[in-house]
Amino acid sequence: MNFSNLEYFVTVAEELNITKAAERLYISQQSLSNQIIKLENELNVKLFSRTPSLSLTYAGASLLKHARSILDLHNQMLCEIEDIKENKRGFIKIGVSHTRGRVLLPDILPSFQAKYPLVEVNLVEGNTETLENKLRHGEIDVVLSFTPRIQDGIESIKLVTDRLLLVVHRKFMYELFGDKTDYMRGKFSQSVDISAFKDCPFLLLTKGNRIRTLVDNFISKNKIAPNIILETENTETAFALALKGMGIAVYPEMFLSSAAVYDEVDFFPITSEETLATLAVSYAQDRYISKAVQDFIDIAVNFWQNKTKVNK
């Protein structure tokens with residue numbers, strides 16, 4: 001048994017599909033099947049049931065738990081050895097939320113790459129909960145996302161606090177307020193009263209998304225039941241539809257482009273403390289942190305701290 005055998009086994013166990021696992025590993029299906037059979041013969045136990053579809057046996061489930069730990073320790077050992085050799089070759093796995101990556105990464109990764117041109121960067125996208133789990137299990141080294149729901153075992157350094165904006169097409173303002181529209185626009189530009197739009201169509205993210213959770217809590221507190229006509233997993237989709245007047249969307253302020261001109265919509269801030277989103281860089285406390293990972297963290301923190309000072 002070697003690390004390659006274990007990696008092959010874990011990949012098959014995760015996919016429960018030889019074809020997909022082989023594609024992930026960039027090897028042939030036959031070669032992968034042979035490796036699994038070889039491992040079963042070596043252990044003298046069946047790791048997978050083949051019918052009616054591929055599934056883990058009890059022995060396979062037990063091996064999966066230990067194989068992940070072994071591979072994780074192996075990766076930590078390799079990272080430490082790389083640092084001991086003072087060699088900047090290696091890799092770093094960065095977890096980032098689906099939508100925040102385009103805002104958080106462009107000013108961080110170029111600086112990191114300039115310092116570590118030979119370090120391979122592997123981006124893993126997902127929602128905050130998924131990234132937290134991967135961080136805890138050693139599948140990624142560092143996460144750029146919302147602060148973790150559960151801090152136990154995770155160290156987080158705040159990067160920036162972002163507020164949410166209500167994206168309201170001007171047509172809804174005229175329908176609701178008529179000749180008082182300009183006055184209400186000025187009033188809501190400081191802090192929006194979401195109950196004023198309770199009868200308007202809303203375009204929200206699907207439940208489970210962190211922003212949707214914040215919005216749901218805020219809406220519940222204000223005791224309104226919005227008319228939700230569309231739910232989507234993509235923030236940009238909701239935003240694009242709001243720009244066309246299909247409904248009202250909620251959009252993170254940090255996503256707005258300073259160069260873009262929006263003539264037909266208003267962006268009204270939701271100023272409730274409970275809707276503020278704190279973005280952070282997080283890492284596991286009980287894991288070895290390579291110098292490359294530590295420098296990535298430092299670059300992220302320094303950039304956003306300096307940017308915050310400039311904007312004040």
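Model, not experiment: these values are computed from the prediction. Sequential numbering from 1 along the given sequence is applied to the chain's residues.
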For the [atom1] atom of [X] and the [atom2] atom of [Y], what is their distance to the nearest 0.5 Å?
X    : Y    : atom1 : atom2 : answer
I248 : C200 : CD1   : SG    : 4.0 Å
L204 : I211 : CG    : CD1   : 11.0 Å
N209 : K207 : CG    : NZ    : 11.5 Å
I81  : Q76  : CD1   : CD    : 12.5 Å

Sequence neighbours excluded, which residues qualify as side chain to side chain donor-acceptor pair (under 3.5 Å) partners of [X]?
X    : value
Q285 : E155
E233 : none
K93  : none
N127 : T130

For this session: Return the set of residues passing ring-ring contact (aromatic ring centres under 6.0 Å, His included) with F255 (not counting sequence neighbours), or none when no residue passes.
Result: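 Checked F255 against ring-ring contact (aromatic ring centres under 6.0 Å, His included); matches are Y251.
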For this session: Could you pull out all residues at least two apart from F218 that satisfy ring-ring contact (aromatic ring centres under 6.0 Å, His included)?
Result: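 Expected list: none.
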For this session: For residues L131 and V96, report the shortest heavy-atom separation together with the two atoms involved.
Result: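 Of all heavy-atom pairs spanning L131 and V96, the closest is CD1-C, 3.5 Å.
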Exercise. Are side-chain N/O atoms of D298 and Q294 paired as donor and acceptor at under 3.5 Å?
Worked result: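 Short answer, yes.
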For this session: Ignoring hydrogens and angles, state whether a donor on the side chain of Q29 or T19 is under 3.5 Å from an acceptor on the partner side chain.
Result: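 Looking only at side-chain atoms, T19 and Q29 do form a donor-acceptor pair, the distance falling under 3.5 Å.
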For this session: Run through the side-chain heavy atoms of Ile, Leu, Val, Met, Phe, Trp and Tyr, join any pair under 4.5 Å, and report what else lands in L203's cluster.
Result: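 In the cluster with L203 are I229, L230, L241, M246.
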Is any side-chain heavy atom of [X] closer than 4.5 Å to a side-chain heavy atom of [Y]?
X    : Y    : answer
M254 : L104 : yes
S290 : D141 : no
L63  : L39  : yes

For residues 172-181, which side-chain N or O atoms pair as donor and acceptor with protein atoms under 3.5 Å away, sequence neighbours left out?
from	atom 1	to	atom 2	distance (Å)
T181	OG1	M173	O	3.3
T181	OG1	G178	O	2.6

For this session: Could you tell me whether a side-chain N or O of S189 sits under 3.5 Å from a main-chain N or O of G186, the two making a donor and an acceptor?
Result: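 Present.
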Problem set entry | Identified side chain to side chain contact (heavy atoms under 4.5 Å, CB included) counterpart of I270 within the set L214, V192, L165 |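 With I270 as partner, L214, V192, L165 yield a single side chain to side chain contact (heavy atoms under 4.5 Å, CB included), made by V192.
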For this session: Check each of N17, L56, I18 against V12 using the side chain to side chain contact (heavy atoms under 4.5 Å, CB included) test, and report the only one that passes.
Result: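 Answer to the side chain to side chain contact (heavy atoms under 4.5 Å, CB included) test with V12 among N17, L56, I18: I18.
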Please list, one pair per line, the donor and acceptor atoms closer than 3.5 Å that link side chains of residues 3-10 to other protein atoms, with sequence neighbours excluded.
from	atom 1	to	atom 2	distance (Å)
N5	OD1	N2	N	3.1
N5	ND2	Q35	OE1	2.9

Considering only distance and modelled atom types, tabulate donor-acceptor pairs under 3.5 Å from the side chains of residues 273-281, sequence neighbours left out.
from	atom 1	to	atom 2	distance (Å)
T275	OG1	S272	O	2.8

Problem set entry | All pairs passing side chain to side chain donor-acceptor pair (under 3.5 Å) where residues 44-58 contributes a residue, at least two apart |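 Residue pairs passing side chain to side chain donor-acceptor pair (under 3.5 Å), neighbours aside: E40-R50.
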For this session: Any pair with a residue in residues 276-285 that passes salt bridge (charged side-chain N to carboxylate O under 4.0 Å, His left out), sequence neighbours left out, goes on the list, sorted by first then second residue, please.
Result: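 Listed once each, the pairs would be none.
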Problem set entry | Parallel, tilted or perpendicular: ring planes of F296 versus F112, cut at 30 and 60 degrees |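 Rings of F296 and F112: perpendicular, as their planes differ by over 60°.
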